[in-house]
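So the structure is just underneath, and the comments pick up after that.
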Amino acid sequence: MTREKILAALTEPDASALFAEADRVRHESVGDAVHLRGLVEFSNICTRRCTYCGMRAPNATLPRYRMTREEILACARLAAELKFGTLVLQSGEDPTLEAQWVADLIRAVKNETPLAVTLSLGEHPQAHYALWRAAGADRYLLRFETSDLQLFHRIHPGSPQGKEHPRIAHLHTLRAQGYEIGSGVMTGIPGQSLHALADDLLLFKALDLDMVGIGPYIPDPGTPLAQAAPLAENQAPPTAQTALRAIALTRLLLPRANIPSTTALSTLDPARGRRLGLTCGANILMPNLTPKHYRDRYTIYPGKICIKAPEADDLAALYRLFEDLRRHPGAGPGGRTPA
Ligand code: 5AD
């Protein structure tokens with residue numbers, strides 16, 4: 001698909017043909033299973049100052065937490081009991097997080113459960129990625145957020161400057177170490193043009209990503225980006241529509257990739273977001289297993305709604321949705337579908 005075709009699909013008034021095609025390709029390439037990944041947001045400690053994120057280090061009003069190994073293992077057991085295939089361990093970027101502690105945790109999850117383990121811990125030294133891979137981690141998520149290097153640096157103050165995109169370099173390292181790699185972007189970041197978004201989608205393809213997470217940017221009033229935000233010429237709109245179109249186009253570009261219907265999408269459109277994602281190309285959901293008393297403190301953006309597992313109401317609604325869509329929960333770890 002050319003950049004022109006992508007741009008046309010992002011701006012075409014009626015996206016119904018695009019969504020139908022993405023749904024067809026999803027059905028043919030990865031089938032009707034929806035894989036469930038149990039998400040554990042185990043620490044909101046973060047030293048970064050990303051201008052869009054409510055958990056940025058300068059936010060001194062946010063009480064910080066790190067779950068204990070036992071608390072995290074309890075979540076892992078729960079994920080296995082609920083027949084989820086994967087545990088996603090996510091945290092802020094915390095250089096004081098001991099690499100060996102994380103490795104021991106991964107080993108314990110792998111010993112005690114049949115779960116695949118996905119890490120989403122931000123940028124770390126190569127040696128740590130290697131240690132975690134050796135401990136049994138299967139996948140790593142690191143969104144590059146935008147392929148526009150200038151915009152990337154504007155929203156990530158303090159990131160290492162250079163010709164290459166810092167996170168792309170990390171993704172190459174992770175792939176070389178044998179991880180399945182996931183990346184993705186926010187759609188509608190102030191300063192992101194539709195052209196830049198088209199380039200993001202082409203980069204997913206060039207990187208041959210195994211997983212792609214795409215969600216709409218949601219302004220957090222306490223962050224710099226929500227205060228002073230110069231818009232791009234041809235600004236990508238911060239709507240659910242833009243995110244859905246990007247998801248659909250990603251399915252066409254990478255037919256066998258794992259693509260979640262994201263929490264941010266459901267936050268913008270609580271009534272329909274989850275369903276819309278699943279019918280526009282997505283095949284993954286990430287129910288939140290973080291214990292209730294920590295969940296409110298993992299505030300990457302305001303109003304974050306999620307599938308609360310193990311709350312029976314939420315899971316029952318989820319299974320009703322599957323039935324409605326003639327989909328079914330995936331069995332097994334749900335890695336990338338082989339060619
Ligand atoms: N709106 C939407 N998504 C956000 N993220 C962080 N802050 C926001 C926001 N304000 C996303 C980023 C990050 C992921 C964990 O959450 O893309 O990679």
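The first residue of the sequence shown is numbered 1, and numbering continues consecutively from there. Every number for a ligand or one of its atoms is a count from 1 in the order of the listing.
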Considering heavy atoms of the protein only, find what lies nearest to [atom] and give residue, atom and distance to 0.1 Å.
{"atom": "atom 16 (O) of ligand 1", "answer": "Ile300 CD1, 3.6 Å"}
{"atom": "atom 13 (C) of ligand 1", "answer": "Glu145 OE2, 3.3 Å"}
{"atom": "atom 2 (C) of ligand 1", "answer": "Pro216 O, 3.3 Å"}
{"atom": "atom 7 (N) of ligand 1", "answer": "Tyr52 CD1, 3.2 Å"}

Just checking Tyr140 against Tyr129, ring centres under 6.0 Å apart?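 Yes, close enough.
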
Less than 6.0 Å separating the ring centroids of His293 and Tyr65? no

Test side-chain contact (heavy atoms from CB on, under 4.5 Å) applied to Leu87 and Asp138, Thr118, Leu115, Thr113, the passing residue: Leu115

Taking only non-hydrogen atoms of Cys50, do any sit less than 4.0 angstrom from ligand 1?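 No, Cys50 has no heavy atom closer than 4.0 Å to ligand 1.
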
Against ligand 1, does Asp220 come closer than 4.0 Å with any heavy atom?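 For ligand 1, residue contact (heavy atoms, under 4.0 Å) with Asp220 is absent.
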
Check each atom of ligand 1 against the heavy atoms of Met186 and keep those under 4.0 Å away; list them by number with element.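 It comes down to these atoms of ligand 1: 2 (C), 3 (N), 4 (C), 5 (N), 8 (C), 17 (O).
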
Please list, in number order, the atoms of ligand 1 under 4.0 Å from a heavy atom of Arg143. 11 (C), 12 (C), 17 (O), 18 (O)

Heavy-atom closest contact (Gln192 atom, Ala196 atom, distance): CG-CB, 4.5 Å

Are more than 12 heavy atoms, taken from residues, nucleotides or ligands other than His328, located less than 6.0 Å from that residue's NE2 atom?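 Correct, the count exceeds 12.
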
Heteroatom proximity flag, Ile218 to ligand 1, N/O under 3.5 Å: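 Ile218 vs ligand 1: N/O contact under 3.5 Å present.
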
Sub-3.5 Å N/O-N/O distance, Tyr217 and ligand 1: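 N/O-N/O distance below 3.5 Å does not exist for this pair.
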
What residue among His27, Arg327, Arg326 forms side chain to side chain donor-acceptor pair (under 3.5 Å) with Asp32? His27

Is it true that Thr187 and Arg245 share a donor-acceptor pair across their side chains at a distance under 3.5 Å?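 Side-chain D/A pair, Arg245 to Thr187: absent.
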
